[in-house]
Amino acid sequence: MGLWDKRDDMLVHQTEPYNAEPPPGALAGHLTPLDTFYSRNHGPVPRIDPARWRLRVDGLVERMLELSLDELRRRFSEHQVVATLQCAGNRRADLMAFRDIPGQVPWGPAAVSTARWTGVRLAEVLAGAGLRDGAAHIAFTGGDLTVSTTPAQPFGGSVPVAKALSGEVLLAWGINGRPLPAAHGAPLRVVVPGWIGARSVKWLQRVTARAEVSDNHFHAEYSILPPDAHPRGTGIVLGPLALHCAILRPGAGSRLPAGPTEVSGYALAGDDRTVTRVDVSRDHGRTWVQAELDPPENPWTWQHWRTTLTLPAGEAELLARAWDSTAAVQPESAATVWNPRGYANNSWARVYFTCHP
Ligand code: MTE
């Protein structure tokens, strides 16, 4: 076992704070085993005593709440949601290959994982507190202290009330039928399906109804700037995930025999869209083969796809592109979506490998 009970072959970008993704080929299953689930942390993982922990619900509410884990379980009904969590920095390495992005984690295509989450609906907790007129955003504050800010501050962010009140947003204490582990936010985390992972705040301490978006540093940090802007400038804040896909097998840089080869991967549309089609090309995008695509479980869960191509001996490049239920297709190259902080790379998937005779 590696750090935080993860598999030994995790690609660990940083040990403290812990930032790690699995080998892409390990993401072939619909649900991701806990030892394989990627982990993204901005500070040390806090150890919180669940017996002393309380969730505070405050701001523009009729009644402020302070709830223990037991009270939360007793007052509200338990729900399960299958949802993919994906970091906004997923596939940043491909952007960096085009132009460097100093000081950011070079995530490959595996800063993404899927789980069956168990908890209560945020909507029901907010109904318990009673939202007051003017409440337009729901802000979350975590119990960790992040290292990239001076002074150190807890991680946080917000979502608009409409998303917060949708039935799929959970305050979760369980993952894949097990208690949430420390590295994934125990005792309680937010799960905002279809939105960038940063809004799914871990080690949740506070839920605040506000007229404005969260003033936490990390709310605005996760934003897109035009390529020529200063990296510390004010950007367009990210919310729903962008349509994208990745090739999981064959692995980048691998060597395999020429001949019929299964090519497989995942695709995710984001927000409330689904993936409707995935194409694969072995001739730099001149011709495409439509892959077999799993049907959507719900709009917030990835869909795996696969096809078999007969590959000649030599250096190979494979491309994949996904289409969504609004008929949008991914943009072609990392060059067109490059941005100074390296978020939301949704360009075509591309892997290089070698086939031997
Ligand atoms: N919540 C807190 N409190 N601190 C964090 O550093 N990282 C966010 C989000 N919630 C983070 C957090 C980011 S950027 C992502 S992508 C997801 O948690 C990662 O969740 P995971 O580590 O469970 O995979």
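Both backbone and side-chain heavy atoms feed into the values below; hydrogens, waters and symmetry mates do not. Whatever order the structure lists them in is the order used to number ligands and atoms, beginning at 1.
Other residues, nucleotides and ligands place no more than 12 heavy atoms under 6.0 Å from the CD atom of Glu212.
Residue contact check: Phe37 has heavy atoms under 4.0 Å from atoms 24 (O) of ligand 1. Near Leu85, with a cut-off below 4.0 Å to any heavy atom, the atoms of ligand 1 are 20 (O). Listed by number with element, the atoms of ligand 1 under 4.0 angstrom from any heavy atom of Cys87 are 16 (S). Counting the atoms of ligand 1 from 1 in the order shown, those under 4.0 Å from a heavy atom of Tyr222 are 14 (S). With ligand atoms numbered from 1 in the order given, ligand 1 contributes 22 (O), 24 (O) to contacts under 4.0 Å with heavy atoms of Ser39. Interface atoms of ligand 1 facing Asn41, defined by a heavy-atom separation under 4.0 Å, are 6 (O). Contact atoms of ligand 1 toward His42: 5 (C), 6 (O), 7 (N), 14 (S) (distance under 4.0 Å to a heavy atom of the residue).
Taking the ring centroids of Trp288 and Trp348, they lie under the 6.0 Å cut-off. Aromatic pair His244/Tyr266: ring centres closer than 6.0 Å. Tyr38 has its ring centre no less than 6.0 Å from the ring centre of Trp4.
Residue nearest to atom 15 (C) of ligand 1, selected from Gly197, Pro44, Ser200: Gly197 (by heavy-atom distance). Which of His184, Arg189, Gln205, Gln86 comes nearest to atom 18 (O) of ligand 1 through a heavy atom is settled by distance: it is Arg189. Nearest residue to atom 3 (N) of ligand 1 from Thr32, Leu145, Asp144 is Asp144 (criterion: closest heavy atom).
Scanning all protein heavy atoms for the shortest distance to atom 22 (O) of ligand 1 gives Lys202 NZ, 2.5 Å. Protein heavy atom at the shortest distance from atom 7 (N) of ligand 1 is Arg40 O, 3.3 Å.
In terms of polar-atom proximity, defined here as any N/O pair under 3.5 Å, Trp203 makes no such contact with ligand 1.
Using a 3.5 Å distance cut-off with no hydrogens or angles, the side chains of Thr118 and Gln80 do pair a donor with an acceptor. For Arg341 and Ser223, the side-chain atoms include at least one donor-acceptor pair closer than 3.5 Å.
Here the closest non-hydrogen pair linking Thr276 and Asp324 is OG1-O, 3.0 Å. Nearest heavy-atom pair across Pro299 and Thr274 is CA-CG2, 3.9 Å.
Note that the OG1 atom of Thr114 and the CD atom of Gln86 stand 9.5 Å from one another [nearest 0.5 Å].
At a heavy-atom distance under 4.0 Å, atoms from both the backbone and the side chain of Tyr38 approach ligand 1.
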